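In this text the structure is predicted, and so the values were computed from the model without any measurement. All ligand and atom numbering here is 1-based and tracks the order in the structure. Both backbone and side-chain heavy atoms feed into the values below; hydrogens, waters and symmetry mates do not.
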Amino acid sequence: MSSIRVEGLTKRFGDTVALRDVSFEIPEGEFVVVLGTSGSGKSTLLRCLNGLTRATEGEIFIGDEPVTGPREDVSMVFQQHNIIGQMSAYGNALTGSLARTPFLRSLLQMNSREDKLRALEALETVGLLEESRQRARQMSGGQQQRVGIARALVQESSTLLADEPVASLDPASAGTVMEYLRTAATERGLTALVSLHQVNLARQFGQRFIGLSDGELVFDGYRDEFTVDEIDRIYGEIDTESLISDSDDASEAVTS
Ligand SMILES: Nc1ncnc2c1ncn2[C@@H]1O[C@H](COP(=O)(O)OP(=O)(O)OP(=O)(O)O)[C@@H](O)[C@H]1O
């Protein structure tokens, strides 16, 4: 397990300020949802955390080590499932071990018995053990994303990042995928940071919430502090009442 510390993170792309002086700290094992409208800086934050994008200013630490590039101990689930259609669910999950496999062994497709067991265990965690031999392209979007989660779990990282992992799914599949994602993170004690734009899902699954607006951190707090007023602050002019249905589990957590 690892904590995350972000100190004064600013990211500029030319004249665009994608993140402006963002700071927060996440203790080991917390499940945090990052919220914000399109363009608020969610993807940039996650890409800075996993070392795919370099900060313009500020520092990021995962555990005691500063982030200077992609790391084995940080895994990522992407919005597009990024899995290989012709390969089985098992084959895709197994590719998660590549981050830990020496180049020559991976070239020869020599996976250790432990890696194979890890892949099967990860598929079991996401409820796809029985489908492990099925080609990924024959699976539904939700199942494919669960394969993507299994692949991230096989990496055996201490930190799990997910960038809009359910954006392309229908509401029912999105809920199922989020349930598996949270269960996997909780069971394995991972520190998880998941970006979402759906307020309902965020409230249903988040333990702690980080709100971004125009690249600035405008909210950082837990369930009981995540009020309708705070949601309004994150979403600005958007009618947030309409984003919140009465039927979701966490409706009592929101008070104005
Ligand atoms: N590679 C890039 N080059 C130039 N501008 C970029 C780049 N990546 C992001 N931006 C800009 O930075 C800002 C934040 O973008 P980002 O993708 O992080 O937002 P987001 O909240 O993830 O949005 P979405 O939900 O639409 O993915 C936007 O103004 C975007 O246009």
Review point. Would atom 6 (C) of ligand 1 count as contacted, meaning some protein heavy atom under 4.0 Å?
Key: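 Yes, because at least one protein heavy atom sits under 4.0 Å from atom 6 (C) of ligand 1.
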Review point. Can a protein heavy atom be found under 4.0 Å away from atom 29 (O) of ligand 1?
Key: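 Under 4.0 Å from atom 29 (O) of ligand 1, at least one protein heavy atom found.
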Review point. In ligand 1, which numbered atoms sit nearer than 4.0 Å to a non-hydrogen atom of Glu164?
Key: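 Numbered from 1, ligand 1 contributes 25 (O).
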Practice item. Check each atom of ligand 1 against the heavy atoms of Thr37 and keep those under 4.0 Å away; list them by number with element. Key: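 Under 4.0 Å from Thr37, ligand 1 has these atoms: 21 (O).
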Exercise for review: Would you mind checking if Glu59 and Arg5 are paired as a salt bridge, meaning a charged N to carboxylate O distance below 4.0 Å?
Suggested key: no
Please report which non-hydrogen protein atom sits nearest to [atom], along with the residue it belongs to and the distance in Å to one decimal place.
{"atom": "atom 9 (C) of ligand 1", "result": "Phe13 CE1, 3.5 Å"}
{"atom": "atom 17 (O) of ligand 1", "result": "Ser43 CB, 3.8 Å"}
{"atom": "atom 12 (O) of ligand 1", "result": "Ala18 CB, 3.3 Å"}
{"atom": "atom 31 (O) of ligand 1", "result": "Thr16 CG2, 4.9 Å"}
{"atom": "atom 26 (O) of ligand 1", "result": "Ser38 OG, 2.6 Å"}
{"atom": "atom 25 (O) of ligand 1", "result": "Lys42 NZ, 3.0 Å"}

**Study point:** Leu94 and Asp115, any side-chain heavy atoms less than 4.5 Å apart
**Key:** yes
Point to revise | Contact check, side chains of Leu201 and Val166, non-hydrogen atoms, under 4.5 Å | key: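 Leu201 reaches Val166 side chain to side chain.
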Point to revise | The one among Leu19, Leu45, Thr44 that brings a heavy atom closest to atom 15 (O) of ligand 1 | key: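 Shortest heavy-atom distance from atom 15 (O) of ligand 1: Thr44.
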Exercise for review: Determine, considering heavy atoms only, which of Gly14, Gly39, Ser213 sits nearest to atom 13 (C) of ligand 1.
Suggested key: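 The option holding the nearest heavy atom is Gly39.
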Practice item. Could you tell me which non-hydrogen atom of Leu123 sits nearest to which non-hydrogen atom of Ala93, and how far apart they are? Key: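 Scanning both residues, the minimum pair turns out to be CG-CB, 4.2 Å.
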Practice item. Please report the closest heavy-atom contact between Arg146 and Val126, naming both atoms and the distance. Key: NE-O, 2.9 Å
Exercise for review: State, without any angle test, whether Tyr222 and Glu30 hold a side-chain donor-acceptor pair at a distance under 3.5 Å.
Suggested key: yes
Review point. Step by step, would you call Glu121 with Arg118 a salt bridge (Lys or Arg N to Asp or Glu O under 4.0 Å)?
Key: CA-CA 5 Å; Glu121 276 167 13; Arg118 277 191 198 109; over 6 Å; no
Review point. Does ligand 1 have any atom sitting under 4.0 Å from a heavy atom of Ser40?
Key: yes
Practice item. For the pair Ser23 (side chain) and Gly8 (backbone), establish whether a donor and an acceptor sit closer than 3.5 Å, ignoring hydrogens and angles. Key: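 Yes; at least one donor-acceptor contact below 3.5 Å.
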**Study point:** Sidechain-backbone polar pair: Glu164 side chain, Phe78 backbone, donor-acceptor under 3.5 Å
**Key:** no
Check your understanding: Do the ring planes of Phe209 and Phe226 sit parallel (below 30°), tilted (30 to 60°) or perpendicular (above 60°)?
Key -> parallel
Point to revise | Polar proximity ligand 1 side, Gly41 side, N/O cut 3.5 Å exclusive | key: yes
Exercise for review: Give the contacting part of His197 toward ligand 1: side chain, backbone, both or neither, where contact means a heavy-atom distance below 4.0 Å.
Suggested key: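 Neither; no heavy atom under 4.0 Å.
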